[in-house]
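Report on the following structure.
To find a chain, count down the sequence lines: A is the first, B the second, and so on, and within it residues start at 1. All of these numbers come straight from a predicted model, not from anything done at the bench.
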Amino acid sequence: MKESNMPRADFVTSMILIAFGISVLVLSLQMPRFEEHDVNPYSVPGIVPGFLGAVIAFLGVVLLIRSILQKGYRLGISGGTVKDFFSSEVTKRFALTIAISVIYALVLLGRISYPIATGVYIFAFIFIFEYEWKKSFSDQLKKVLMALVISVIFSAAVTGVFRYLFLVNLPG
Amino acid sequence: MLEGLQMFVEGFIGFMRPKIIFDVLWATQLGIIVGMLPGLTATMGVALMTTLTFKMEASNAVLILVCMYVGAIYGGSRSAILLNIPGTPANAATAVDGYPLAKQGRAGRAIGIATTGSFIGSVIGMLMLAFFTPIIGNFALKIHSPEFTWLAIFGIVICGNLTAPKDPLKGWIAGFAGLFVAMIGMEGMHAHIRFAFGTVALSGGIALLPAMVGAFGFAEIITIMKHPKYEVVKTKIERVIPKFSDIKRYFKTIVRSGVVGTFIGAIPGVGEDIAAWVSYDMAKRSSKEGDKFGTGVVEGLIAAETGNNACVAGAMIPVLSLAIPGSAPAAVLLAAMFIHGIRPGPLIMLEFPEFVFQVVAMVLLASTAMLILGLSMVRTLVKVLLVPREKLMPIVFILCVVGAFAIQQRIFDVGVMVVFGVIGYYMREMDYPVAPLVLGIILGKILDDNLRRALTLSDGSIIPFFTRPICTVLAIITLLTIFSRMKWFQKLTGSVRSGIKAVFKGK
């Protein structure tokens, strides 16, 4: 992130922190105190999270004041900046990395067999980041085959090593 | 003292079996490779190894983890020198002088010096580990609930302060957020479930390993996939075996960096990266060639590499004596010890004193393996650095998933890993250090149990938190750590200092 954007990011984060800290404090105050069990009032479950909520909210306030002094409240969000953000190469790569990984970890795993899910993931990852759509398929055949070979070898190796050598259970 | 030496020798001889030596060699070599590869850090390596050694015998498993840890911190110097990309954050200071040396065609010499520096650093750290752990361990028996409460808060404050030198406020925010994460799930005193909102999975709490693998591993993958491609320096690697004259010439720097690195390692949550920077900075200030640092000065390289490897052993001092990790990989090591039924902490010198000296022997074995492996197979290993990130990162992610899943076998933990990965990524983007967050997750339980126990014993009075001798010291250091970063305090101490000087000069 650019240094000049930091006060703005801090401004937004500080609001989130204050809201978060206060919610934690409120939830902690609402926790049971087990008076009917004659429990020592200083051992109730809400004490420590309540203290932490208060500290987080306080640190949020300090961050808020600092970001306001640095004029972080001028968020400067316009149609143009939003469009630039979403169309930039960096955002695309970032979103793609998270999307493929989340699909693999939270959708495929546990539903289909581990080596198949893993092989598909490795292939998809390499293919998406290395394949150039502007070039013809025949020029890139070697690349695609290489991705296929790597995905087969590594999904087999990881499954074999973890499941049979180290006796670790794998999802799916 | 002699008893300690005897236990060390017994431990060392106990490890002299062919199978164990084989384990030491492969684990250290794997550590070096993990450290070399940008995207795989020491923390990740130790976390993954914890999964793999899950079913092994306790001392053997811990030995493998120590080898991985020592190997990875050293291995990162390889990519720092050849790529200008530190393989682990610990090697950032190594790149400053290591990369210019490689560009001047002296990559072999730089690698040799980094290896020797790392070895001597490890040995200095090891000696201090052997000396200080029993002392702190015996002292720790005097530490009770109010002191542990302060230690938890002090740990967060100092870790936040040192890992976010530009902006300690963000370090503290990260630390307190980590303490909060530890509050999720069932608490230890009344078995009340907090912040689970009715979900079964959350009521078990957020486990440390998945959170760490996410915050260090997945976050790193996302960051790396965004970066432009890197290139390896095309240079011939000449003689790697270091010259004795280099070591002799910089002996003072080596010893200083080793001692400083170990001490920084012993500070809760403050790890190898800070140790390397501080050692580097001290070398720069005291060197005659200080102004040339950054252009390929051997002294800078050796200071950074000695400092970070000394820190490894230093980080184990509080792990063993207080059950508080000195660095992020040490946090995983601590978790692994608990998994294997070893309980580090104040009672360790009474319950398992021999284990402490076994760990010392493990550090020596790992360092020796690192020295031998580091000076051999240099040219072959460099090829690993040529693997493109598009092919490497999906494999790293698969390891992250296995690392998060294997110990408790819950898909929920894989989700935790992904969520902490995204959180960790945004934290880095906004200059929040990740180390205090992780330290917070560990210290949260200590804070929760001890604050409530202390308050119950004192019947709600907070006076004992300030009047017990160790508490007074910890409270003063904590407050000084916070205030030392504030401008008015710096001005005040500045004027007091000049006032005192004026008195002595008689002006």
Mind ranking [options] by heavy-atom pairs under 4.5 Å with chain A and telling me who comes out on top?
{"options": "Ile411(B), Thr51(B), Leu399(B), Val402(B)", "result": "Val402(B)"}
{"options": "Val414(B), Val401(B), Val418(B), Ile398(B)", "result": "Ile398(B)"}
{"options": "Val422(B), Ile395(B), Thr53(B), Ile221(B)", "result": "Ile395(B)"}
{"options": "Ile173(B), Leu52(B), Asp448(B), Asp431(B)", "result": "Leu52(B)"}

Chain B heavy atoms under 4.5 Å from [X]: which part of the residue, side chain, backbone, both or neither?
{"X": "Val90(A)", "value": "both"}
{"X": "Leu17(A)", "value": "side chain"}
{"X": "Ile122(A)", "value": "both"}
{"X": "Ile56(A)", "value": "side chain"}

Exercise. Roughly how far, to the nearest 0.5 Å, is the CD1 atom of Ile222(B) from the CZ atom of Arg428(B)?
Worked result: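 The CZ atom of Arg428(B) sits 9.0 Å away from the CD1 atom of Ile222(B).
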
For this session: Please round to the nearest 0.5 Å and tell me the distance separating atom CG of Leu59(A) and atom NZ of Lys170(B).
Result: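 Answer rounded to 0.5 Å: 13.0 Å.
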
Problem set entry | Phe148(B)/Trp150(B) aromatic ring centres below 6.0 Å |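 No; Trp150(B) has its ring centre 6.0 Å or more from that of Phe148(B).
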
For this session: Would you indicate whether Ile462(B), at its atom CD1, is surrounded by more than 12 heavy atoms from other residues, nucleotides or ligands within a distance under 6.0 Å?
Result: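 No, the 6.0 Å shell around CD1 holds no more than 12 heavy atoms from other groups.
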
Exercise. Most heavy-atom pairs under 4.5 angstrom with chain B, which of Ile150(A), Thr13(A), Leu52(A)?
Worked result: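 If we count pairs closer than 4.5 Å to chain B, Leu52(A) comes out on top.
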
Exercise. With respect to chain B, which residue among Lys92(A), Glu89(A), Arg66(A) yields the maximal number of heavy-atom pairs within a distance under 4.5 Å?
Worked result: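 Of Lys92(A), Glu89(A), Arg66(A), Arg66(A) has the most heavy-atom pairs under 4.5 Å with chain B.
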
For this session: Considering non-hydrogen atoms only, spot the tightest contact between Pro146(B) and Phe465(B) and give its length.
Result: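 So the minimum-distance heavy-atom pair works out to CA-CE2, 3.9 Å.
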
Problem set entry | Residue that, paired with Leu40(B), satisfies side chain to side chain contact (heavy atoms under 4.5 Å, CB included) out of Leu392(B), Val34(B), Ile33(B) |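 One option only clears the test, and that one is Val34(B).
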
Exercise. Where on Phe412(B) is there a heavy atom nearer than 4.5 Å to chain A: the side chain, the backbone, both, or neither?
Worked result: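 Neither part; nothing is under 4.5 Å.
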
Exercise. Where on Asp449(B) is there a heavy atom nearer than 4.5 Å to chain A: the side chain, the backbone, both, or neither?
Worked result: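 The answer is neither part of Asp449(B).
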
Enumerate, atom names and distances included, each donor-acceptor pair closer than 3.5 Å involving a side-chain atom of residues 138-149 of chain A, sequence neighbours excluded.
unit_1, atom_1, unit_2, atom_2, d
Ser138(A), OG, Ser136(A), OG, 3.3
Asp139(A), OD2, Ser136(A), OG, 3.4
Gln140(A), OE1, Glu132(A), N, 2.9
Gln140(A), OE1, Lys143(A), NZ, 3.4
Gln140(A), NE2, Glu132(A), O, 2.7
Gln140(A), NE2, Lys135(A), O, 3.4
Lys143(A), NZ, Glu130(A), O, 3.1
Lys143(A), NZ, Glu132(A), OE2, 3.0

Listing, residues 157-172 of chain A side-chain donor-acceptor contacts under 3.5 Å, not counting sequence neighbours, or none:
unit_1, atom_1, unit_2, atom_2, d
Thr159(A), OG1, Ser155(A), O, 2.4
Asn169(A), ND2, Gln409(B), OE1, 3.1

Exercise. Do any of residues 450-458 of chain B have a heavy atom less than 4.5 Å from a heavy atom of chain A, and if so, which, in residue order?
Worked result: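 Leu451(B), Arg452(B), Leu455(B), Thr456(B), listed by number.
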
Exercise. Can you say whether the rings of Phe195(B) and Phe180(B) are parallel (under 30°), tilted (30 to 60°) or perpendicular (over 60°)?
Worked result: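 If you compare the ring of Phe195(B) with that of Phe180(B), the planes turn out perpendicular.
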
Exercise. For residues 95-125 of chain A, which residue pairs qualify under ring pair (Phe, Tyr, Trp, His ring centres under 6.0 Å), counting only residues two or more places apart or in two chains?
Worked result: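 Residue pairs passing ring pair (Phe, Tyr, Trp, His ring centres under 6.0 Å), neighbours aside: Tyr104(A)-Tyr121(A), Tyr121(A)-Phe125(A), Tyr121(A)-Phe397(B), Phe123(A)-Phe127(A), Phe125(A)-Phe129(A).
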
